[in-house]
2 protein chains.
Amino acid sequence: MISRKDEPFSRSIQNYLKVIYSHTRENRPVSTLGLAEALDVKPASVTNMLQKLDEFEPRLVNYQKHHGVSLTEDGEKEALRVIRRHRLIEQFLYEVLGYSWDRVHSEAEELEHVISPYFEDRLAEFLGEPAFDPHGEPIPNRDLEVTQDESIIPLSLLPVGKKAVVRRVTAGPQELLAYLGEIGLHPGKGVEVVERNPLDGTSRVLVDGMEKFFGVGVTGAVFVSVAE
Amino acid sequence: MISRKDEPFSRSIQNYLKVIYSHTRENRPVSTLGLAEALDVKPASVTNMLQKLDEFEPRLVNYQKHHGVSLTEDGEKEALRVIRRHRLIEQFLYEVLGYSWDRVHSEAEELEHVISPYFEDRLAEFLGEPAFDPHGEPIPNRDLEVTQDESIIPLSLLPVGKKAVVRRVTAGPQELLAYLGEIGLHPGKGVEVVERNPLDGTSRVLVDGMEKFFGVGVTGAVFVSVAE
DNA sequence: AAAATAATTTAGCCTGGACTAAATTAAACA
DNA sequence: TGTTTAATTTAGTCCAGGCTAAATTATTTT
């Protein structure tokens with residue numbers, strides 16, 4: 001049994017919780033292997049840490065060996081705190097410091113572990129309590145509630161001919177983001193699928209009057225809402 | 001011999017270099033004991049670290065057991081980098097996020113180790129390449145040059161009756177800074193010593209039309225330049 | 001100069017969070 | 001169901017950077 005004193009959770013713990021949270025939410029495998037991959041750490045290290053998190057007081061995850069992990073209420077709260085900081089910082093870097101949206105992630109990845117609650121509040125206020133980060137990901141509010149629009153769908157599922165608006169571009173590799181940014185595929189932009197290859201799902205997409213060709217790797221990461 | 005690869009120096013190393021630099025510059029004792037005190041670490045730990053810094057490649061300090069330390073060129077450069085980040089961040093917190101000047105230090109103390117060179121540049125640009133932080137401490141420029149005004153003196157040495165302008169309020173305990181802030185004793189403010197007790201140096205000082213009473217603890221930490 | 005005190009250094013230990021290699025358990029398939 | 005393969009866990013190691021206790025060196029006082 002490990003007690004919590006008053007220090008914040010370590011940077012490492014924060015990362016584990018954050019990754020477990022995202023994997024869960026996106027139905028990605030929350031396996032030792034999957035976590036190890038995402039955290040760039042060896043599987044054995046993940047096992048160690050999960051055991052530790054399971055013994056925390058208060059408990060942060062429910063872990064049973066060989067049967068996976070899930071976050072407890074407390075663990076999820078902490079994960080959301082980290083995510084809120086991360087996305088607020090991204091928004092700041094983008095809006096205020098003029099970062100391109102493909103650069104914000106890595107910087108936020110560091111800062112999210114370091115800013116104080118006071119900084120978080122002041123920053124949120126300065127930014128006007130933003131609800132989304134530059135990629136369109138929702139920013140949990142002060143009470144850690146996440147507004148999620150259920151009506152958005154991946155571009156890969158948008159029927160041919162329907163007009164839609166980009167809502168979210170899920171962080172992929174930096175180069176991909178950089179490219180999508182260049183061609184103007186940001187949240188808010190109108191798009192339409194002109195043609196879709198029924199075999200592999202590859203799509204011809206109209207963006208800003210220009211026609212682009214995307215594989216499912218891209219269209220699966222771009223989320224849109226269908227225009228009325 | 002310890003080689004440098006490409007990682008940044010550890011947070012701990014950055015702190016040691018920063019403290020050695022400041023102690024040197026302010027003629028405070030750069031002793032094992034003094035550093036331990038400033039770093040909130042035991043003397044034995046300081047000895048360990050100094051030995052390590054002395055073996056770095058490139059060497060960061062010159063250290064001879066029982067005979068003190070000093071920074072090498074490389075060590076000083078790194079210290080100035082940390083200090084530049086620290087003061088830029090303080091200025092940001094104060095000017096942009098609306099921190100009170102007694103709160104900026106502790107937050108900057110963390111962030112200084114985490115922001116990237118790119119962040120530093122963007123921030124400096126956003127702030128208009130400021131030359132001073134909220135306490136009036138000079139911010140090293142991009143080339144790490146520090147503009148130091150030689151003509152400033154501590155308020156404790158300002159002759160009675162001479163008008164002067166506050167230039168710098170050296171960080172003391174947070175409560176002191178908070179108090180000085182409240183009574184308006186910021187850089188830029190005009191002051192005058194009305195009377196000084198020749199025994200202990202205690203001074204009656206005119207600030208903003210109000211008369212205040214300060215011991216040398218305060219007047220030694222407030223630096224002014226005499227008005228022409 | 002000897003003795004007493006203060007500062008510094010050495011030696012060995014501890015903790016968090018990684019790692020590797022070996023062992024075990026679960027899953028897939030013949 | 002037995003076997004092979006994949007995933008996971010255990011056991012023990014390493015490293016940074018702290019710590020304490022003991023030893024040593026410097027400094028001051030008598």
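Below, read A as the first sequence line, B as the second, and so on, with proteins coming before strands; counting in each chain starts at 1.
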Ring centroid separation for A/Phe126 and B/Phe92, is it under 6.0 angstrom? no

Does the separation of the ring centres of B/Tyr118 and A/Tyr99 fall below 6.0 angstrom? yes

Does atom CG of B/Asp200 have more than 12 heavy-atom neighbours from other groups under 6.0 Å away? yes

Salt bridge B/Glu78-B/Arg81, side-chain N to carboxylate O under 4.0 Å: yes

Quick check on B/Glu73: does its CD atom have over 12 non-hydrogen neighbours (other residues, nucleotides or ligands) under 6.0 Å away? no

Any salt bridge linking B/Glu109 with B/Lys18? Criterion: basic side-chain nitrogen under 4.0 Å from a carboxylate oxygen. yes

Test item: side-chain donor near acceptor, B/Thr72 and B/Asp74, under 3.5 Å: no

Of the residues in residues 30-49 of chain A, which ones touch DNA chain C at a heavy-atom distance under 4.0 Å? A/Val41, A/Lys42, A/Ala44, A/Ser45, A/Asn48

Numerically ordered, the residues 11-21 of chain B set in heavy-atom contact under 4.0 Å with DNA chain C is none

Tell me, which of residues 107-117 of chain A have any heavy atom that sits under 4.0 Å from an atom in DNA chain C? none

B/Glu26 atom CD: more than 12 heavy-atom contacts under 6.0 Å: yes

Residues in salt bridge (Lys or Arg N to Asp or Glu O under 4.0 Å) with B/Arg59, at least two apart? B/Asp54

Quick one, B/Asn48 and B/Lys52 - any side-chain contact, counting heavy atoms below 4.5 Å? no

On DNA chain C, reading 5' to 3', which nucleotide is the first and which the last to sit with an atom under 4.0 Å from a heavy atom of chain B, could you check? C/dA7 to C/dT10

Under the rule for side-chain hydrogen bond (donor to acceptor under 3.5 Å, both in side chains), what residues qualify as partners of A/Arg122, not counting sequence neighbours? A/Glu125

Pair A/Asp133, A/His86: side-chain N/O donor-acceptor within cut-off below 3.5 Å: no

Between P of D/dT25 and CD of B/Gln64, the distance in whole Å: 16 Å

Salt-bridge present (A/Arg142, A/Glu120; N to O < 4.0 Å): no

Taken to the nearest whole Å, NZ/A/Lys65 to C1'/D/dT10 is 8 Å

Rounded to the nearest angstrom, tell me the gap between atom CD in B/Gln51 and atom P in D/dA16. 15 Å

